[in-house]
Amino acid sequence: MRALIAGSTLALVVVLGACAGRPISPEVAAAQTLTETPSATPRPATPTATRTAMPTPSPTMTPAPTLLPLTIEVRLSSSSITQGETIEIDVACNQPCQASAQLADQTIRMFSPAEDRAWAALAAHALAEPGQRTLRIEAATVSGQRAALVAPVSVQEGSFTSELLTFDANTALLLDPAISDAENIRMDQVFGVYSPQMLWEGPLVWPWEGYITSEFGTRRVYQDVVQSFHTGIDIDGETGDAILACARGVVVLAEPLQVRGNAVVINHGAGILSGYYHLDEIEVSAGQIVQAGEQIGLMGSTGLSTGSHLHWEVRVGGVAANPRQWADQPMGPMKEIEP
Ligand SMILES: [Zn+2]
């Protein structure tokens, strides 16, 4: 483990298996003070050899006020992520800071619940290659102090089933990449928004309590070819059953789509969005604020669908994540981070 630090000492604390438990679990698996490396920015207090050889005129500038060195503490709810699952990153600085995170080439925007805190949920893509990744956390103050640290995060293979789907000729036409690609690009844009607020609280509400006909991550085989994986959970029900918002948020899409049918997408803030597809009727409109458990539409079988059901999905920083985990446990910033 190595940290790149500009004039500060960092503490990294990894809490293993805390599963977003709040208040923070006392199971501190590893606590480490990372050593300082030379700053990239030359500091006046540290003359270089060149400066020693060429004496500078007597100092005329006012000595810089002593800044409290920036220190950051990072807690991960787990240091490993199974494909499609989410872990949480909590950052605490000793002074106001802005933080961001990077996992390999994936940039993770962080939400600030307080001026010296940052939080993000990080989901592993359902098809992510298992193996070790480097998580890099950076923090900066308004005065320009910067601190960063890296920690290993391992991506684990999930256990998923495969399912064969067949459609009649007309429905199968919707598999035309010209249709599905355009819709997927549109949805990636919808799910790619980031709002620096947190509108939800606690575990997500199931939008419909019914029999699960297809779990998240299931590999989808159409016409003998693995086309994709299942980005959500399919819940069985009758046309007309009431579909509820899984959490408070702002409706950002409410319209008929060719593949997803009548669709609703809700932005819950901090990079978390939820989608509800194949509705018979949409009962909300874009821009509307909805509460957890509020009715947003009726179950149906519109779009690429073989019968009445709800497809429910949750996106975390644009990545489709298993909604079941979000319904099982509360996600969000830790209330307190103990020193
Ligand atoms: Zn589905």
Side-chain angles (χ1 to χ4, degrees), residues 83-86 123 125-127 158-168 170-177 179-188 190-191 204-223 225-247 252-266 272-282 296-316 318-328:
Q83 291 170 333
E85 299 293 315
T86 303
H125 193 280
L127 301 176
S159 95
F160 303 106
T161 54
S162 290
E163 66 187 6
L164 193 65
L165 296 187
T166 51
F167 300 99
D168 61 48
N170 281 339
T171 312
L173 286 176
L174 293 173
L175 292 171
D176 181 351
I179 292 173
S180 56
D181 288 358
E183 192 174 303
N184 288 341
I185 289 167
R186 164 96 195 278
M187 295 311 279
D188 283 346
V190 169
F191 284 123
L204 302 185
V205 172
W206 283 89
W208 170 252
E209 299 270 358
Y211 180 74
I212 308 298
T213 52
S214 176
E215 291 283 356
F216 171 87
T218 305
R219 276 52 179 150
R220 317 303 289 269
V221 181
Y222 305 140
Q223 267 99 34
V225 180
V226 176
Q227 301 271 357
S228 59
F229 69 97
H230 193 211
T231 56
I233 289 178
D234 286 349
I235 315 172
D236 193 33
E238 302 294 325
T239 293
D241 286 338
I243 302 305
L244 313 179
C246 68
V252 289
L253 182 143
E255 63 183 63
L257 301 173
Q258 283 190 284
V259 176
R260 290 164 180 82
N262 291 329
V264 171
V265 175
I266 301 172
I272 313 305
L273 293 96
S274 59
Y276 314 77
Y277 306 149
H278 311 299
L279 301 176
D280 192 58
E281 280 184 34
I282 295 172
I296 56 170
L298 302 178
M299 184 177 289
S301 185
T302 53
L304 182 60
S305 169
T306 53
S308 67
H309 75 286
L310 172 71
H311 171 106
W312 176 39
E313 70 180 53
V314 171
R315 297 281 183 131
V316 176
V319 175
N322 191 349
R324 187 179 282 283
Q325 184 189 9
W326 283 77
D328 284 349

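Atoms within each ligand, like the ligands themselves, are counted from 1 in listed order. Positions are given from 1, in the same order as the sequence printed here.
Side-chain contact annotation: Asp236 with His309, donor-acceptor N/O pair under 3.5 Å absent.
Glu255 pairs by the salt bridge (charged side-chain N to carboxylate O under 4.0 Å, His left out) definition with Arg186, not counting sequence neighbours.
Residues Leu310 and Ile233 have side chains not in contact (no heavy-atom distance under 4.5 Å, counting atoms from C-beta outward).
Trp206 has its ring centre less than 6.0 Å from the ring centre of Trp312.
Atoms CZ and OG1, from Arg315 and Thr231 in turn, are 5.5 Å apart once rounded to the nearest 0.5 Å.
Listed by chain and number, the protein atoms of type N/O/S under 2.8 Å from the Zn ion (ligand 1) are His230 NE2, Asp234 OD1, His311 ND1; waters are omitted.
Without hydrogens or angle criteria, His230 side chain to Glu215 main chain gives a donor-acceptor distance under 3.5 Å.
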